[in-house]
Amino acid sequence: MSAHPPPGRPVFDPAARADAYARTDAHDAFAAAHDAAARPTDAAAHFRVLGDRPGQFPWGYLGTGDHAAEFARHRHRKSAQAKG
């Protein structure tokens, strides 16, 4: 049995584990997309799943190029906006 859910499974499906790399890539992409679209509540859901485990993409292409620092900066900003 594979640790990864089959392709096409929604990223919030309970079988899509947070430690499955294919799913963390999707959560990184969705967090960044919702962040860019100024949808903090939608972005926050993906940031929560990622925890403190950002991927290189897309965060490494933003701002300073330091993927961990950019992830933390965007996550903090969206968290503050989502709370009002």
Side-chain angles (χ1 to χ4, degrees):
M1 189 85 195
S2 173
H4 298 284
R9 187 174 297 228
V11 295
F12 284 118
D13 186 301
R17 298 183 344 207
D19 62 341
Y21 292 111
R23 296 300 165 214
T24 58
D25 288 347
H27 284 291
D28 279 316
F30 280 116
H34 288 304
D35 177 58
R39 293 191 300 256
T41 303
D42 295 326
H46 296 282
F47 282 122
R48 276 192 302 277
V49 170
L50 290 165
D52 291 329
R53 298 177 309 271
Q56 292 283 338
F57 178 82
W59 313 109
Y61 292 92
L62 303 175
T64 65
D66 178 342
H67 76 282
E70 289 302 318
F71 174 81
R73 184 173 68 86
H74 287 265
R75 181 180 60 185
H76 176 71
R77 183 180 69 201
K78 288 304 165 189
S79 176
Q81 288 177 358
K83 291 177 183 174

Self-check item: Sidechain-backbone polar pair: D28 side chain, G55 backbone, donor-acceptor under 3.5 Å
Solution: yes
Quiz item: Are the side chain of Q56 and the backbone N or O of H67 linked by a donor-acceptor pair below 3.5 Å?
Solution: no
Quiz item: Can you tell me how far CH2 of W59 sits from CZ of R73, rounded to the nearest 0.5 angstrom?
Solution: 9.5 Å
Quiz item: Should D52 and R75 count as an ion pair when the cut-off is N to O under 4.0 Å?
Solution: yes
Exercise. Could you pull out the closest heavy-atom pair between L62 and H74, with the gap in Å?
Key: CD1-NE2, 3.9 Å
Quiz item: Is the H46 ring parallel, tilted or perpendicular to the H27 ring (thresholds 30°, 60°)?
Solution: tilted
Practice problem: Taking all heavy atoms of P58 and all of A32, pick out the closest pair and write down the distance. | Solution: CG-CB, 3.4 Å
Exercise. Kindly assign one of parallel, tilted or perpendicular to the pair H34 and F30, based on the angle between their ring planes and the thresholds 30° and 60°.
Key: parallel
